[in-house]
Amino acid sequence: MAGAAGVRFRAVRVRCSTDGSYIMGELPVDLSEYDLRPMAEQWELNRPTTGWIRSQSGKLVANGPFPHHKAKPKPKSSAHFEPTPKPKSKPKRKPKAKAKPKA
């Protein structure tokens, strides 16, 4: 849709190394529709073996969901317990009244 409306798309080939990233040149952009099923099938085939091995446990770490992606459980309420919201800020203290000088 955007291409038909006149939007120009550009892509570049980049080489990354420890020295930095270098733009190697421009690539053609194909906006025609194509079948995504072969890529999805290959992704599913690779899923059990992609990732990295943790050095201490020897466990394969791959493709999440990782703990920081999982939703945190909400506090439960019951007839005996209601979670109290945390105060946004501490209440301000009133300054002490100055003592009147004795006459």
Side-chain angles (χ1 to χ4, degrees):
M1 292 168 61
V7 177
R8 292 186 57 207
F9 293 86
R10 299 175 73 188
V12 293
R13 180 184 315 263
V14 178
R15 180 176 62 88
C16 299
S17 72
T18 55
D19 296 329
S21 299
Y22 302 92
I23 295 176
M24 304 305 291
E26 198 161 332
L27 299 168
V29 176
D30 181 6
L31 297 178
S32 61
E33 291 190 25
Y34 52 90
D35 186 10
L36 297 175
R37 286 179 297 206
M39 286 178 274
E41 290 168 5
Q42 188 63 49
W43 183 83
E44 285 295 340
L45 287 171
N46 294 340
R47 188 174 183 178
T49 57
T50 59
W52 62 95
I53 305 293
R54 286 202 171 139
S55 56
Q56 290 186 349
S57 66
K59 181 180 176 184
L60 175 68
V61 179
N63 296 330
F66 296 102
H68 61 278
H69 292 138
K70 294 178 185 175
K72 294 181 181 173
K74 303 221 182 231
K76 295 179 182 179
S77 61
S78 70
H80 304 289
F81 171 75
E82 281 292 324
T84 54
K86 292 182 180 177
K88 292 183 181 178
S89 62
K90 293 182 180 180
K92 293 185 179 181
R93 299 169 102 188
K94 291 182 181 178
K96 292 183 180 181
K98 293 183 180 179
K100 292 181 182 178
K102 293 182 181 178

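- Residues meeting the side-chain hydrogen bond (donor to acceptor under 3.5 Å, both in side chains) test with Glu44, sequence neighbours left out: none.
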Would you mind writing out the side-chain donor-acceptor pairs for residues 19-28 within the sub-3.5 Å range, not counting sequence neighbours?
{"from": "Glu26", "atom 1": "OE1", "to": "Arg10", "atom 2": "NH2", "distance (Å)": "2.8"}
{"from": "Glu26", "atom 1": "OE2", "to": "Arg10", "atom 2": "NE", "distance (Å)": "3.1"}

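- In the hydrophobic cluster analysis, where Ile, Leu, Val, Met, Phe, Trp and Tyr join through side-chain heavy atoms closer than 4.5 angstrom, Val7 is grouped together with Leu31.
- Evaluation of the salt bridge (charged side-chain N to carboxylate O under 4.0 Å, His left out) rule for Arg13 yields no partner, not counting sequence neighbours.
- By the neighbour-count criterion of 12 heavy atoms within 6.0 Å, atom OH of Tyr34 is sparsely surrounded, having that number or fewer from other residues, nucleotides or ligands.
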